[in-house]
Visitor: 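What follows is a structure written as structure tokens; I'll ask about it next.
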2 protein chains.
Amino acid sequence: MDHLIAITKALADENRVRALGALREQSLCVCQIVELLELAPSTVSKHLAILRQAGLVTSRKEGRWIYFALPESEHASDVTPTLTWLFAQLDASPQYAADRKRLQAILKQDPVDLCQRQNRS
Amino acid sequence: MDHLIAITKALADENRVRALGALREQSLCVCQIVELLELAPSTVSKHLAILRQAGLVTSRKEGRWIYFALPESEHASDVTPTLTWLFAQLDASPQYAADRKRLQAILKQDPVDLCQRQNRS
DNA sequence: TCCTCATTTCGCCATATGACGAAGTATAGC
DNA sequence: GCTATACTTCGTCATATGGCGAAATGAGGA
């Protein structure tokens, strides 16, 4: 039950759900999610930590960047139904469609530039 | 998206999830859910209002009692997948098994007695 | 009509949550 | 080593949440 509630609590925030939607297609580094959600890096970091604790995302360090991704189906059979349900719900959401579009533009930019702009402000 | 978040927020509380689990088999009046969750009637009432606003339960007045139930599948195709997912998660929970057992005992009691005992304390 | 009583609403309190900026970590590159 | 930098952790704040008891609501029965 504790694990189930950890999952539902993790999903009970619009920004975290949007982050999961963004990770549906590809893994992303923190600065790309910051750019999408338009929140402070520290805030996004906390959100991602909550998702990771619930087992909904994994993270992998690559040099100075940390990439977040959805767990591999083989290793996370327990959260797969959850994500399947969530994405089915998201497919009906205009917000999700808008995020997908914006994400395409973000992915075209150099992550280095993204991070530096985020540091500046 | 607002509706999705209303659902995930509604599910982000253990007592509300337990209430949904209790309603899986049959509809219940408030005092029976109060008895199961061991919370004040006013607290349970608030929880049920949140579930109803999210469309996860319906209520029907019958004399002095108000019965809560899961929505009929025909009228609520949008929350059916949510409840299916939730119950799949619950099936693995010892808390849910314990609640099912305790609920059987509660159902054997006269609701009138339940309510009066709750008023007395 | 008046009383009883199952439930809800209201007012209050303690704690949880989400936001930020500042400071801390750890890694790439000089 | 030192610096720059991508990210996290910490401290703080405003608001949201979940709990209760008291009062309000509304339907049945005397």
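Computed from heavy atoms alone, side chains included, the values below leave out hydrogens, waters and symmetry copies. The sequence lines fix the lettering, A, B, ..., with proteins before strands; numbering per chain opens at 1.
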Visitor: Starting at CD1 of B/I5 and ending at P of C/dT17, how long is that distance when rounded to a whole Å?
Guide: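 Answer to the nearest Å: 16 Å.
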
Visitor: Please, which pairs that meet salt bridge (charged side-chain N to carboxylate O under 4.0 Å, His left out) have at least one residue in residues 81-90 of chain A, sequence neighbours excluded?
Guide: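 Those involving residues 81-90 of chain A do not exist here.
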
Visitor: Specify the separation, in whole Å, of atom CD1 of B/I50 and atom P of D/dA16.
Guide: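 Distance, rounded to whole Å: 14 Å.
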
Visitor: Within the 4.0 Å limit for protein heavy atoms, which parts of nucleotides 23-30 of chain D are touched? Write it as a string from 5' to 3', B for base, S for sugar-phosphate only, - for none.
Guide: ---SSS--

Visitor: Just by distance, do the side chain of B/Q32 and the backbone of B/C29 share a donor-acceptor pair under 3.5 Å?
Guide: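 Confirmed, B/Q32 side chain pairs with B/C29 backbone.
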
Visitor: May I ask you to decide if B/G21's main-chain N or O and B/E25's side chain share a donor-acceptor pair within less than 3.5 Å?
Guide: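 Side chain of B/E25 to backbone of B/G21, a donor-acceptor pair under 3.5 Å: no, none is there.
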
Visitor: Are any side-chain N or O atoms of B/Q89 and backbone N or O atoms of B/L86, one a donor and one an acceptor, separated by less than 3.5 Å?
Guide: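 Not a single qualifying donor-acceptor pair exists.
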
Visitor: Kindly state which residues belonging to residues 11-23 of chain B come within less than 4.0 angstrom of DNA chain C, counting heavy atoms of the residue only, listed by number.
Guide: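 Nothing qualifies; none.
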
Visitor: Using nucleotides 8-15 of chain C, report all nitrogen or oxygen pairs with the protein that are shorter than 3.5 Å.
Guide:
from	atom 1	to	atom 2	distance (Å)
C/dT8	OP2	B/S45	OG	2.7
C/dT8	O5'	B/S45	OG	3.1

Visitor: Between B/A40 and A/Q32, who's closer to the 5' end of DNA chain D by nearest nucleotide?
Guide: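 It is A/Q32 whose nearest nucleotide is closer to the 5' end.
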
Visitor: If you only use heavy atoms from C-beta on, which nucleotide in C/dT7, D/dC7, D/dG18 is closest to the side chain of A/C29?
Guide: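 Of the options given, the side chain of A/C29 lies nearest D/dC7.
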
Visitor: Given the rule that I, L, V, M, F, W and Y join up when any side-chain heavy atoms are under 4.5 Å apart, are A/V44 and A/Y67 in one cluster?
Guide: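 Different hydrophobic clusters.
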
Visitor: For the backbone of A/E35 and the side chain of A/R102, can you confirm whether one donor and one acceptor N or O come within less than 3.5 Å of each other?
Guide: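 Yes.
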
Visitor: Check the distance between D/dA6's P and A/L28's CG and give it to me in whole angstrom.
Guide: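 So the two atoms are 16 Å apart, to the nearest Å.
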
Visitor: How long is the straight-line distance from CD1 of A/I106 back to CG of A/L103, given to the nearest 0.5 Å?
Guide: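 Going from the CG atom of A/L103 to the CD1 atom of A/I106 covers 5.5 Å.
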
Visitor: Keeping the roles fixed (side chain from A/S45, backbone from A/P41), state whether a donor-acceptor pair exists under 3.5 Å.
Guide: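 No; judged by distance alone, with no hydrogens or angles, the pair does not exist.
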
Visitor: With a cut-off of less than 4.0 Å, is there a side-chain N or O of A/H47 near OP1 or OP2 of C/dT17?
Guide: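 No, because none of the side-chain N or O atoms of A/H47 sits under 4.0 Å from OP1 or OP2 of C/dT17.
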
Visitor: Who pairs with A/K9 by side-chain contact (heavy atoms from CB on, under 4.5 Å), at least two apart in sequence or on another chain?
Guide: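 In terms of side-chain contact (heavy atoms from CB on, under 4.5 Å), with neighbours along the sequence ignored, A/K9 is linked to A/I5, B/A12.
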
Visitor: What is the distance, rounded to the nearest whole Å, between atom CH2 of A/W65 and atom P of D/dT5?
Guide: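 Interatomic distance, CH2 of A/W65 to P of D/dT5: 10 Å.
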
Visitor: Please list all pairs passing the salt bridge (charged side-chain N to carboxylate O under 4.0 Å, His left out) test where one or both residues lie in residues 11-21 of chain A, with sequence neighbours left out.
Guide: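 The answer is A/R18-A/D99.
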
Visitor: Expressed as a whole number of angstroms, how long is the span from A/I33:CD1 to C/dA19:C1'?
Guide: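 So the CD1-C1' distance, A/I33 to C/dA19, works out to 17 Å.
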
Visitor: A/K9 has an atom NZ; how far is it from atom C1' of C/dG18, in whole Å?
Guide: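 Spelled out: NZ on A/K9 to C1' on C/dG18 is 13 Å.
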
Visitor: Could you tell me how far apart B/E35 (CD) and C/dT7 (C1') are, to the nearest whole angstrom?
Guide: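 Spelled out: CD on B/E35 to C1' on C/dT7 is 16 Å.
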
Visitor: Please state how far atom CZ in A/R60 lies from atom P in D/dT8, giving the value in whole angstrom units.
Guide: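 Taking CZ of A/R60 and P of D/dT8, I get 14 Å after rounding.
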
Visitor: Answer yes if A/I66 and A/V34 sit in the same cluster of Ile, Leu, Val, Met, Phe, Trp and Tyr residues linked by side chain heavy atoms under 4.5 Å apart, and no otherwise.
Guide: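 Hydrophobic grouping puts A/I66 with A/V34.
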
